[in-house]
Amino acid sequence: MPDVSSTELMVIVAARELKDGESVLVGVGVPNLAANLAKRLHAPRLLMVYESGAVGSNPTRMPLSIGDPCLVSGAKSVCSMYEQFAYYLQGGRIDVGFLGGAQIDRYGNINSTVIGDYAKPKVRLPGSGGACDIASNVKRIIVITPHQKRRFVEKVDFLTSPGFVEGRERWKELKLQGGGPYAVITNLCTFKFDDRTGEMTVAALHEGVTMDQVRENTPWEVKVADDLQTTPPPTDEEVSALRALDPDGIYLR
Amino acid sequence: MPDVSSTELMVIVAARELKDGESVLVGVGVPNLAANLAKRLHAPRLLMVYESGAVGSNPTRMPLSIGDPCLVSGAKSVCSMYEQFAYYLQGGRIDVGFLGGAQIDRYGNINSTVIGDYAKPKVRLPGSGGACDIASNVKRIIVITPHQKRRFVEKVDFLTSPGFVEGRERWKELKLQGGGPYAVITNLCTFKFDDRTGEMTVAALHEGVTMDQVRENTPWEVKVADDLQTTPPPTDEEVSALRALDPDGIYLR
Amino acid sequence: MEAGKLMSMKEAVAKHVRDGDTAYLSGFTHMIPFAAGHEIIRQRRKDLVLARATPDIIYDQMIAAGCARKIIFSYAGNPGVGSLRCFRRAHEKGVPAPLEIEEYTHFGLSGRLFAGATNMPFLPMRTNLGSDLPPMNPLMKTVVDPYTGDTTSVVPPLRPDVAVVHVQKADVNGNSHIWGIIGEQKDAAFAAKRVIFSAEEIVDESVIRSDPNRTLVPDFLVHAVVHEPWCSHPSYVQGYYDRDNEFYVEWDKITKEHEATLGYLEEWVFGVADRREYMEKLPAGTMERLKPTPALSVPVDYGSV
Amino acid sequence: MEAGKLMSMKEAVAKHVRDGDTAYLSGFTHMIPFAAGHEIIRQRRKDLVLARATPDIIYDQMIAAGCARKIIFSYAGNPGVGSLRCFRRAHEKGVPAPLEIEEYTHFGLSGRLFAGATNMPFLPMRTNLGSDLPPMNPLMKTVVDPYTGDTTSVVPPLRPDVAVVHVQKADVNGNSHIWGIIGEQKDAAFAAKRVIFSAEEIVDESVIRSDPNRTLVPDFLVHAVVHEPWCSHPSYVQGYYDRDNEFYVEWDKITKEHEATLGYLEEWVFGVADRREYMEKLPAGTMERLKPTPALSVPVDYGSV
């Protein structure tokens, strides 16, 4: 197995979750790398839709922000901000969305708004952006996050983007059109979500990782899948394709 | 006074009602002529917005339909159909709209849908198109119509586009943003609408017309303004400018 | 859905237009897809629900041919000329068959399509109140505005089974450039479950990619791409041909009687195999007569970093 | 409103931006109107409500300068870099002054602006439910969908007092062409009561009229037109210049302390008279370094009948 950083590992594992022909809503950074990697390898017909309205982009570099002209020059289409959220996201045309955040709980609820009290914040984070909209409308949510105790919490300080809220029953009551959280990919393992309860469940441990390590970094009593797998290690092909995407190591440090 | 047809007279009288700097929503035909005439004469800064989304058009001929490419080539801007109705009309950006119809009542309610019963029509007319939307949203509605007994009715068979409905009180209850009917221009006279009741009132008789003629062609007891005027006759300048706009006499027969 | 989208109109209609469909052949009196309508008639589709703000002559023809059981519309006229006589004959007299109607204002119908395209639960709008239209149409409802307490008119989304959109330029995958009066083309494509695009010209993908802000609909929404020059005759296509206005006037005469209308369809629809034959059948010089003088847009610079 | 719209940014801000205004300086991380923000700071406007989905560095600067009493936003980050430290300092610690917040999702805020631009009574949308955002914001309400009975989230229209929009090309009356990521530029212009357009180039009206489908906003909505090349530096303008990314990274360091931030403003905002002086003050070669390679769009033919 090639020597990879934990970010590289997470991106490679995330890329494998994308299927050929799916549409993916991409932001800048790590999710952009995962989508591009999948496209280079097993999903050549992956459709990438950027939050800023660009579709079918051919960027000549890693975009500096979501409004980067490199996402527009040579793209198939671009539309306004409201149009992007209305026609594509609310339109139900996006299969997969990537989210991250400062905190996540066992139902995949994500906080990217505030640490501490909303009115008197300890740390004010950037906020939802499109995250809550993505969480509510795409078929599958994939979360990429380092596996740290301060990130995996019993209860998020602020629920920015709904996972299954208090479980799949509650999700159904909300009548959101999205499919909810699908996978959480960390540097230790891949979680999926229980079909019945909607609780985060360890589906696969990355090579060399033990359940004890996962438990140490997750504050609740972690559920484990009956058919717990081991994540196949990154291949040379995956690693070299990924590194070619970010030659300056902007995101892959 | 030059010898003019009754259509020419109505167009000239209508053009006079348009003020410089106003925005007008124009369809094809007679209203288009009135707006263009005003622009050529006393209202050079009249802003013409076409129902099809074109703004600031420079048509090289009388448009054949609202989607005529001559409204787009050399225009300032064009947008989609929903955008036109949403950004401009619902946006409250249109001062004046022109309407016509098969029937009109004393409150300026217009029928352009059906003669007879809606489910079993005697004559099925084209329907609202944008008329009801225009009636609901512009500051001033101007109606141009031949003065015939079959057109001026006690009660419209179908209320397509609201005038003051059952009077100004009812209009206020509906909370429509428009100002309602402003003038009805016929080949006999100009009606305005009573400030208090919203009832159609003869404001000016065209030259040579008597109130008896108006009464003969209006089935209800017609109200007359205290300061009844005589319409100033068309000037040579008005007539020649108008005829230059429709040299083939398509609309001015 | 990517491979093999380029096909003939015959194939596109055979594959994507089904009996009983709600069909939206788009165009706000501009770029009307006549070739698609004629092919639907030739393939004798029936029980269609024909939706469009402005039905135009092509829906009149489809109604006369017996393709339609219902029409969803806001203005049923021959644009710039007068009535749609076949529509009236069907609705008023049941000839050739009864025609159900579902009616809106222009804002209401284009709003339903916009709501369908963007999957809104419902669309509030400042119109309809005071009109007799809502009492005739149970789909027009009201809700109380939670900010003002005012009664507000709302319409539900419209999701046609199939949409037909004609454009100036498309690539083989269905990325396309449209200009001129763009009506409800974008919303029709986004709202419909199956989408047929026809184009005056099939261009290289690089032409589309040179100007992505002009693309109204990216390829992944498109199910069939048809190269169909003169698709919209006798309607117009900005930059390509003018309206053949004499025909619009003539239609008013042809359709005075149902029999004469059928005669027209026999000759000009059933009597030709496709659009090419239709164009060849027109008087010599028609195409030259309708060609506008070129007027090119000033290019813009997208830059490359 | 027609005559004499062309003016300097100094005049435009003096005339159209007032203390206490709700201001929307538009741009979705692209074409950010830095020159307008700097001029607002120089003219020491105060008590502004700064609205924008993505506040970006320019709002961070305006907050540090004490112009703002409140911010309406959906993502307060330094795009591609990290936090907006001045925003945080004001909101978390009241330095230099307390900063009230009103917060949405991207869809919610761009929806509020769309509803303002189109004067919708309110806008239903498929988001917000289940999130903690609605409980914190009394302007986010729910209504019952009259078609399904489902609880639906709604937001009210946003009508800024003043909007600033930067574009590539405008004529002297404010007809303009914009391309690239067009974010909320159109909706900001339609929603606001007063509208300032600035442009990289002032072009003849005939350039705009050669391509009316590219015009997002016609002139009658525009109150001031400013010829302001490099208005958006250090942000990018499609086809004109790239982002000066080092500055975005540097801003994160400058703003670690409020004093150092004031030092930056003193030198680069108060220390220059206008955008031209700002550009002259940048290291030699900056403009050349940021210029992209030309990549022209393929023209389309509008025809003339």
Side-chain angles (χ1 to χ4, degrees), chain A residues 28-29 50-54 63-74 78-86 89-90 92 109 111-113 118-137 156 158-163 165 170-171 174-178, chain D residues 27-32 53-54 73-84 87-88 91-92 101 103-108 110-111 113-114 117 125-133 136 148 150-151 179-187 216 235-239 242-243 245 248 292 295:
Chain A
V28 295
Y50 287 86
E51 201 179 56
S52 51
L64 300 175
S65 80
I66 199 69
D68 194 323
C70 78
L71 297 174
V72 175
S73 298
V78 62
C79 64
S80 78
M81 187 172 182
Y82 181 73
E83 288 176 322
Q84 200 282 342
F85 283 89
L89 201 52
Q90 181 170 263
N109 300 305
N111 173 17
S112 59
T113 300
Y118 185 76
K120 292 196 186 307
K122 211 164 97 188
V123 180
R124 175 62 220 204
L125 306 164
S128 165
C132 174
D133 312 314
I134 295 168
S136 308
N137 288 287
V156 290
F158 187 94
L159 198 170
T160 310
S161 306
V165 191
R170 178 67 186 133
W171 176 261
L174 290 174
K175 300 272 185 82
L176 296 168
Q177 73 170 327
Chain D
F28 193 6
T29 87
H30 173 231
M31 300 213 287
I32 307 300
T54 53
F73 73 105
S74 45
Y75 188 87
N78 177 341
V81 178
S83 288
L84 290 177
F87 155 75
R88 285 185 55 189
H91 178 54
E92 293 172 10
I101 60 171
E103 188 168 3
Y104 298 89
T105 69
H106 269 355
F107 192 25
S110 63
L113 203 63
F114 173 74
M125 48 193 357
R126 299 187 190 274
T127 185
N128 298 328
L129 302 174
S131 168
D132 283 344
L133 283 167
M136 298 300 160
T148 61
D150 293 344
T151 298
W179 61 99
I181 299 298
I182 50 177
E184 10 59 322
Q185 268 89 345
K186 176 175 181 165
D187 289 330
L216 286 197
S235 172
Y236 15 45
V237 172
Q238 187 91 35
D242 199 4
R243 182 160 112 165
N245 202 46
Y248 272 79

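In this text, all values refer to a predicted model and were calculated from it rather than measured experimentally. So that the names make sense, note that chain A is the first sequence line, chain B the second, and so on, each numbered from 1.
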(Q) If I take atom CD1 from residue I182(D) and atom CD from residue E83(A), how far apart are they, to the nearest 0.5 angstrom? (A) 6.0 Å

Q. Considering only heavy atoms from C-beta outward, does the side chain of L89(A) approach that of F107(D) to under 4.5 Å?
A. no

**Q.** Heavy-atom contact with chain D under 4.5 Å, split by part of N109(A)
**A.** neither

Q.
Under a 4.5 Å cutoff for heavy-atom pairs, which residue among M125(D), H30(D), R88(D) has the most contacts with chain A?
A. R88(D)

(Q) Which atoms of F87(D) are under 4.5 Å from chain A, going by heavy atoms: the side chain, the backbone, both sets, or neither? (A) side chain

Q) Measuring from N111(A):CG to D132(D):CG, what's the distance to the nearest 0.5 Å? A) 8.5 Å

Q. If you count heavy-atom pairs under 4.5 Å with chain A, which of I101(D), V81(D), L113(D), L84(D) comes out on top?
A. I101(D)

Q: Using non-hydrogen atoms and a 4.5 Å limit, figure out which bit of K120(A) sits close to chain D: side chain, backbone, both or neither.
A: neither

Q.
Please report the interatomic distance CZ(R126(D)) to CG(L174(A)), rounded to the nearest 0.5 Å.
A. 13.0 Å

Q. Looking at G129(A), S128(A), A135(A), C79(A), which one has more heavy-atom pairs under 4.5 Å with chain D than the rest?
A. G129(A)

Q. What's the spacing between I66(A) CD1 and T54(D) OG1 if we round to 0.5 Å?
A. 10.5 Å

Q. Donor-acceptor pair, T160(A) side chain versus S131(D) backbone, under 3.5 Å?
A. no

Q | F85(A) and H106(D) aromatic ring geometry - parallel, tilted or perpendicular at 30°/60° bounds | A | perpendicular

Q. Quick one: do E103(D) and R124(A) make a salt bridge, cutoff under 4.0 Å?
A. yes

Q.
Heavy-atom pairs under 4.5 Å with chain A: which of Q185(D), H91(D), M31(D) has the most?
A. H91(D)

Q) Who among V78(A), V165(A), L64(A) has the most heavy-atom pairs with chain D under 4.5 Å? A) L64(A)

Q. For the candidates G130(A), P162(A), A131(A), which exhibits the highest count of non-hydrogen atom pairs separated by less than 4.5 Å from chain D?
A. G130(A)

Q: For the pair Y75(D) and E51(A), evaluate side chain to side chain donor-acceptor pair (under 3.5 Å) and give the outcome as yes or no after the intermediate values.
A: CA-CA 13 Å; Y75(D) 188 87; E51(A) 201 179 56; over 6 Å; no

Q: Report yes if some heavy atom in the side chain of S65(A) is under 4.5 Å from a heavy atom in the side chain of R243(D); otherwise report no.
A: yes

Q) What's the spacing between C70(A) SG and D242(D) CG if we round to 0.5 Å? A) 8.5 Å

Q: For the residue pair Q238(D) and S73(A), confirm or rule out a side-chain donor-acceptor distance under 3.5 Å.
A: yes

Q: Name the option with the most non-hydrogen atom pairs under 4.5 Å to chain A; the candidates are G108(D), G77(D), G183(D).
A: G183(D)

Q: Check whether T105(D) gets within reach of chain A through its side chain, its backbone, both or neither, counting any heavy atom under 4.5 Å.
A: both

Q.
Quick one, M136(D) and F158(A) - any side-chain contact, counting heavy atoms below 4.5 Å?
A. yes

**Q.** Part of F28(D) within contact of chain A (heavy atom distance under 4.5 Å)
**A.** both

Q: Could you tell me which of I134(A), V123(A), V28(A) has the largest number of non-hydrogen atom pairs under 4.5 Å with chain D?
A: V123(A)

**Q.** Pairwise distance OG1(T127(D)) to CG(D133(A)) - rounded to 0.5 angstrom
**A.** 4.0 Å

Q. How far apart are the C-alpha atoms of T29(D) and S52(A), what are their side-chain angles, what is the distance that settles it, and do they pass the side-chain contact (heavy atoms from CB on, under 4.5 Å) test?
A. CA-CA 9 Å; T29(D) 87; S52(A) 51; over 6 Å; no

